Amino acid sequence: MTPTKQPKVRVRFAPSPTGYLHIGGVRTALFNWLFARQHGGKFILRVDDTDQARNVTTALKPIMDGFKWLGLDWDEGPDIGGPHAPYFQSKRLDIYHSAVDKLLKSGHAYKDYSRADEFAAERQAAEKEKCQFTYTRTWMAESKADERRFESDGRDYVVRLKMPREGKCEFHDIIRGPMSFEWAGEQDHVIQRQDGSCLYHLTSVVDDFEFEISHVIRAIEHLPNTPRQIFIGQSLGLDLPLFAHLPFVAEPGSSNKLSKRKLDKYLKHRDFKVLYDHGEKIAQQIGFPASPETFNPVIVDFYREIGFLPDAILNYLLLLGWSLDDRTEDFSREAMIRDFTLERINKSPASFDPQKLTAVQSRYMWRLPMDEKLEMVLPFLEKAGMLQLPVTDETRIRVKAVIEAANERISFAGDILDYQEFFQADENISYNEKDFHKRLVDAHAQRELLVKYRSALAGVSDFSAGNMEAYMHAFLEQEEVGMGMLVHAVRVSLTGKGVGFGLFEIMAILGKDSCMNRIDRALIAASGQP
RNA sequence: GGCGCGUUCGUCUAGUGGUCUAGGACGCUGGCCUCUCACGCCGGUAACAGGGGUUCGACUCCCCUACGCGCUACCA
């Protein structure tokens with residue numbers, strides 16, 4: 001069986017409403033979305049909520065918000081509807097029931113009146129003998145009479161598939177090539193529960209047909225499910241979609257599937273912890289509750305909260321299991337839509353690498369135009385309470401100057417909070433204890449030089465970076481000392497820190513008054529120390 | 001247990017029988033630049049899971065083994 005050219009591409013992503021958007025799910029959705037966009041097809045969002053129980057609306061919102069933020073837009077779905085609405089499986093019960101009836105009538109399914117313990121006993125017996133379990137179909141009702149007999153016995157039924165027990169199921173997987181499974185290895189799967197509700201395999205096949213899905217692009221764990229779904233489809237006389245099974249996204253440094261539940265374990269992985277800590281630091285400063293339930297690098301919200309760029313995440317995820325060639329790494333949205341192919345998706349699992357994600361994000365951030373950077377960064381300063389609202393042109397200019405000076409030091413928008421000293425009053429600057437001692441308290445000669453420099457500075461009015469640099473060089477030349485004697489003491493005085501961007505840019509941004517105030521204050525604080 | 005899928009540097013990958021003494025990227029690392037940090041530049045480190053075939057020749061094809069993962073639910 002070879003894939004035929006489909007005139008219209010319709011793909012779907014079918015999340016169950018779990019309350020969060022998993023990064024692995026995003027990749028699956030991305031591949032679907034790219035495929036649809038490339039072929040001018042439709043990307044459909046369908047909510048797989050057949051096991052319901054929870055509040056679907058609440059649990060769905062973070063997922064849709066996540067996709068919206070990432071810019072993965074859908075053409076049909078729960079909120080916007082479409083020609084095949086509703087897009088909630090829980091609201092399509094009638095359709096599933098008529099499919100079940102059809103299967104029952106055609107003899108591809110049967111009512112099974114076994115009690116749970118009876119069925120389980122058979123299975124356990126098979127397991128004990130270490131052989132493949134095949135249901136005896138002892139409680140299969142083959143006629144109305146059987147049904148009445150079982151029911152008078154007080155039994156209730158589930159509907160099971162009457163799977164073939166010989167021959168093979170063969171199909172083509174776009175990524176993996178020809179597939180072949182023995183029908184005998186399949187179970188008589190339940191498609192309708194005792195309470196009348198239907199199960200995934202049935203609903204999925206029925207909806208894929210109803211929605212006219214042309215390509216099912218989904219995670220590899222569904223590959224072994226495919227034969228039973230093909231059986232359902234064929235029994236119903238439906239046109240089958242083409243299949244493409246994606247490798248899963250693995251944990252950093254392991255081949256286990258990435259899971260939200262194991263945050264504690266991941267935090268023991270160095271690279272993962274570095275990312276988490278970085279994010280947590282930002283979250284704390286903006287007062288975002290950093291609980292692993294809502295704030296965790298496996299969940300998309302994490303990245304949004306700390307100031308990632310959606311395009312960077314998509315670019316990284318694209319490369320997780322797919323490549324164009326041996327060197328192209330940069331893909332704009334347009335480029336990925338143009339170049340993506342299912343055929344070049346890898347077969348083996350790819351593990352999630354926080355360091356590489358960070359590297360991609362940094363690159364995207366650095367080359368972002370200033371105005372966009374400004375808009376990204378402002379909310380962080382606001383949330384951290386560093387700005388007076390409304391934001392004036394004057395503060396915008398200052399923020400821009402800080403962004404410009406910090407340059408590649410800002411990888412996530414939230415990193416702007418590393419430069420709070422530019423948005424604080426002079427008397428509120430706190431000193432990094434170690435640097436303060438090293439550069440001021442314990443450095444007597446340097447401190448004396450700073451006093452001199454401070455007095456000299458009082459006579460200077462041009463505090464532009466260029467002039468500050470020229471002036472300091474002239475001063476040092478006169479004093480006949482090297483730059484190292486002064487620069488560090490000035491930096492710690494002005495920012496409280498031993499590291500940061502260029503000193504002369506710092507001085508220019510702060511301006512004369514602040515510089516003088518801060519040096520005075522540092523000098524007093526340092527001399528008061530033992 | 002059965003069935004299925006997978007296995008190239010630490011990680012993401014290129015590679016479809018000779019161009020592979022295996023290429024790129026992230027990481028790590030030596031040096032340069034330098035007021036610190038970062039950036040940048042130059043260099044380095046490091047891989048075809050193992051064993052059998054097929055072939056003049058195998059990372060590439062076949063088989064076996066090992067390992068990993070998945071399915072085998074009235075989960076999706």
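The structure displayed is predicted, hence computed values, not measured ones. Each chain gets a letter, A, B and so on, in the order its sequence line appears, and its residues count up from 1.
- Residue pairs meeting the salt bridge (Lys or Arg N to Asp or Glu O under 4.0 Å) criterion with at least one partner in residues 480-508 of chain A, sequence neighbours excluded, are A:E421-A:K497.
- For A:E221, whose side chain is taken as the heavy atoms from C-beta onward, the closest listed nucleotide among B:rC28, B:rC74, B:rG70 is B:rG70.
- Ring geometry for A:F211 against A:Y87 counts as tilted: the plane angle lies between 30° and 60°, on a 0 to 90° scale.
- You'll find that the side chain of A:P224 is closest to B:rC71, out of B:rC74, B:rC71, B:rU36.
- Judged by the 6.0 Å and 45° rule, A:R160 forms a cation-pi pair with A:F119.
- Atom C1' of nucleotide B:rC37 and atom CZ of A:F501 are separated by 11 Å, given to the nearest angstrom.
- Distances from the side chain of A:R270 to the nucleotides B:rC39, B:rC71, B:rC28 place B:rC28 closest.
- Side-chain proximity of A:R327 to B:rG24, B:rA76, B:rG68: nearest is B:rG24.
- Using the Watson-Crick or G-U wobble rule with both distances under 3.5 Å, B:rU16 pairs with nothing in any strand shown.
- The side chain of A:R409 lies closest to B:rA38 when the candidates are B:rA38, B:rA73, B:rC35.
- Summarising the geometry, the separation between CD on A:Q446 and P on B:rU36 is reported as 14 Å, rounded to the nearest angstrom.
- In this entry the distance linking CD of A:E251 with C1' of B:rG70 reads 14 Å, nearest Å.
- At distances below 3.5 Å, not a single donor-acceptor pair connects side-chain atoms of A:N467 with backbone N or O atoms of A:S464.
- Put simply, CG on A:L246 is 21 Å from P on B:rA76, counting in whole angstrom units.
- Across the protein-nucleic acid pair, A:I220 atom CD1 and B:rC5 atom P stand 9 Å apart, rounded to whole Å.
- Taking only side-chain atoms of A:F504, from C-beta outward, the nucleotide of B:rC35, B:rC39, B:rC5 with the closest atom is B:rC35.
- Listed nucleotides: B:rG4, B:rC28, B:rU72. Nearest to the side chain of A:L223: B:rG4.
- Taking the six-membered ring where tryptophan is involved, the planes of A:W139 and A:Y135 are essentially parallel, since the angle between them stays under 30° and well short of 60°.
- Note on A:R439: nothing from the nucleic acid sits closer than 4.0 angstrom, heavy atoms only.
- For A:F31 and A:F340, the ring centers sit closer than 6.0 Å to each other.
- With RNA chain B read from its 5' end, the first of the two nearest nucleotides for A:H473 and A:G185 is the one closest to A:H473.
- Taking the six-membered ring for Trp and thresholds of 30 and 60 degrees, A:H473 and A:F504 have ring planes inclined between 30 and 60 degrees apart.
- Between A:F150 and A:Y113, the two ring planes are parallel [angle under 30°; tilted spans 30° to 60°].
- Taking atom C1' in both B:rU8 and B:rG4, the straight-line distance is 23 Å, to the nearest Å.
- When heavy atoms are screened at a 4.0 angstrom cut-off, A:F181 is found touching the sugar-phosphate backbone but no base atom.
- Contact annotation for A:V190: backbone-only contact, meaning every heavy-atom pair under 4.0 Å involves sugar-phosphate atoms and none involves a base.
- Residue A:W74 forms a side chain to side chain contact (heavy atoms under 4.5 Å, CB included) with just one option from A:I44, A:N32, A:L45, and that option is A:L45.
- Taking atom CZ of residue A:F88 and atom C1' of nucleotide B:rA76, one finds them 17 Å apart after rounding to whole Å.
- Rounded to whole Å, atom C1' of B:rA73 lies 16 Å from atom CD of A:E122.
- A:H201 comes within 4.0 angstrom of a nucleotide base, judged by non-hydrogen atoms across all strands.
- Ring centers of A:Y419 and A:F501: under 6.0 Å apart, within the cut-off.
- Taking the six-membered ring for Trp and the full ring otherwise, A:Y276 and A:Y266 have centroids separated by 6.0 Å or more.
- At whole-Å resolution of the value, OH in A:Y135 and P in B:rG2 are 25 Å apart.
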Identify all pairs in which a protein N or O lies below 3.5 Å from an N or O of nucleotides 11-16 of chain B, and state each distance.
from   : atom 1 : to     : atom 2 : distance (Å)
B:rU11 : O3'    : A:S351 : OG     : 3.0
B:rC12 : OP1    : A:S351 : N      : 2.9
B:rC12 : O2'    : A:L319 : O      : 2.7
B:rU13 : OP1    : A:G321 : N      : 2.5
B:rU13 : O3'    : A:S323 : OG     : 3.1
B:rA14 : OP1    : A:S323 : OG     : 3.0
B:rG15 : OP1    : A:R344 : NH1    : 3.1
B:rG15 : OP1    : A:R344 : NH2    : 3.4

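- You'll find a donor-acceptor pair under 3.5 Å spanning the side chain of A:R491 and the base of B:rC35, going by distance alone.
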Quick one: what's the B/S/- string for nucleotides 42-49 of chain B, heavy-atom cutoff under 4.0 Å, read 5' to 3'? --------

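- In a base pair of the Watson-Crick type (N1 to N3 plus N6-O4 or O6-N4) or a G-U wobble (N1-O2 and O6-N3), with each distance short of 3.5 Å, B:rG10 is matched with B:rC26.
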